[in-house]
There are 2 protein chains.
Amino acid sequence: MANPTGLAGRRSAAERKPRKERWAELIETATQVFYERGYEAASLQEIANRIGMLKGSLYYYIQSKEDLLFEVVNEVHQKGLAVVTALAQGPSPSPLERLHRVIRGHVEHTCHNLVPTAVFLHELSALPEDRRRQVLGDKHSYQGVFRSLIEEAKAAGEVREDVDPKLAALSILGSANWVYRWYRPDGEFSAQQIASHLAETAIRGIASEAGLASCTR
Amino acid sequence: MANPTGLAGRRSAAERKPRKERWAELIETATQVFYERGYEAASLQEIANRIGMLKGSLYYYIQSKEDLLFEVVNEVHQKGLAVVTALAQGPSPSPLERLHRVIRGHVEHTCHNLVPTAVFLHELSALPEDRRRQVLGDKHSYQGVFRSLIEEAKAAGEVREDVDPKLAALSILGSANWVYRWYRPDGEFSAQQIASHLAETAIRGIASEAGLASCTR
DNA sequence: CCTACCGATCGGTAGG
DNA sequence: CCTACCGATCGGTAGG
């Protein structure tokens, strides 16, 4: 480390960065500290230290510590949801193929945005209920994307009759989300490898014989 | 509530309970408070209040707050592991059938012990590394049970050749563990329903044609 | 953004 | 287990 004290050192006013730039730096640092310590255990003091600012000065940018968590969590949720909905709407021979693509995309996005995703999945519960709902939206948007695809596939006869779409959606989302707990960029499995495996087994788990036959992978 | 202040009220020395009884009450209360607030946000003050004791008096039973988390987390982990290993070793026509049973048992155990399980899965990371390892053991015991069964099934030709047992184990554990995030005792799905679904889809996800045929459910 | 604070609460302890 | 504490740190603020 260039700075063994962990303090970035305060700058003179002349070095002040543009507000937008500072804000981005602040969010990035907060994400990292929340990831390492957990939201509750993370202190504004440490965040301030890392960006070379006094703790009180953070309030030039925020109204409360909670604002930081909200921002971090909201940002990654929007991004992830965008990825997943885009893939779900794309063209494809069959709903089951689209589901396959959505799972892959979701898992790869998780792996490539491990730190903010982990904060989202682990610390969302630290937000008060109203702000949590503000992030998630009134609908179960994420779950809804998966569920709709499964319903569609079921209507097309590609999914077994005894499969409950909501239960299946929760199950698939679970195996996918859990990835943040064990994936490591330098680990033995690549993001693509994990994404492919999860998508493949999830599809096989719910597909009817007809559905399985229609997937030519 | 019988006591609207949230304080249980202190007892006279004559009402002092046996140490073992008090200890059990303490652990149970700590589990609940950790569940509701998260470990970091939970205060010893609140735990003490709920059992009608002064905060300082807790140190008659513990050396640190961390002791409480360790105890809670260790207890439920041992119990869960016992359930799963017992089921894995039981008699059965095929390894895949045993895996089916293990997944069901694991999920039902999770649902029936939702609060301590949630604390285990969510707050384990709040323990320092050495005590975390002390809980989990040096081996990945949980993951190992699932992985071994999958390896066995693969050797018996019941699992597809292209399935990586470790990846499959992590995937199945993920969908099962995630249940603590959405299962509610009064929700629309029963523990048995969820357990059956997860087991069924997980098996179908990895089974070979021969393996699928050998499972007559 | 810094200076200079504050009240509240936290985990924990000595001594009985 | 209670009495009676303590130092540290926390999130947050007034004023510039």
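Numbers restart at 1 for each chain; the letters A, B, ... are given by sequence-line order, proteins then strands.
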Where along nucleotides 9-16 of chain C does protein come under 4.0 Å, by heavy atom, of base (B) or sugar-phosphate alone (S), with - for untouched nucleotides?
-> -SBBB---

Taking salt bridge (Lys or Arg N to Asp or Glu O under 4.0 Å) as the test, write out the residues that go with [X], two or more places apart.
X        : value
A:Arg147 : A:Glu151
A:Arg37  : A:Glu46
A:Glu36  : A:Arg50
A:Glu108 : A:Arg104

Residue pairs, two or more places apart or on separate chains, that pass ring-ring contact (aromatic ring centres under 6.0 Å, His included) and touch residues 18-38 of chain B | B:Phe34-B:Tyr39

Just how far, in rounded Å, is C1' of C:dC1 from CD of A:Glu21?
-> 16 Å

For atom CD of A:Glu46 and atom P of D:dA8, their distance in whole Å | 19 Å

Ring centroid separation for A:His106 and A:Tyr142, is it under 6.0 angstrom?
-> yes

Side chain to side chain contact (heavy atoms under 4.5 Å, CB included) partners for B:Ser190, two or more places apart = B:Gln192, B:Gln193

Only counting residues at least two apart or in another chain, list the ones meeting side chain to side chain donor-acceptor pair (under 3.5 Å) with [X].
X        : value
A:His77  : none
B:Lys166 : A:Glu188
A:Lys79  : A:Asn113

Within residues 126-134 of chain B, residues whose heavy atoms come under 4.0 Å of DNA chain D | none

Dot-bracket notation for DNA chain C is requested: 5' to 3', Watson-Crick or G-U wobble pairs only, both distances under 3.5 Å, with ( ), [ ], | and . as defined.
-> ||||||||||||||||

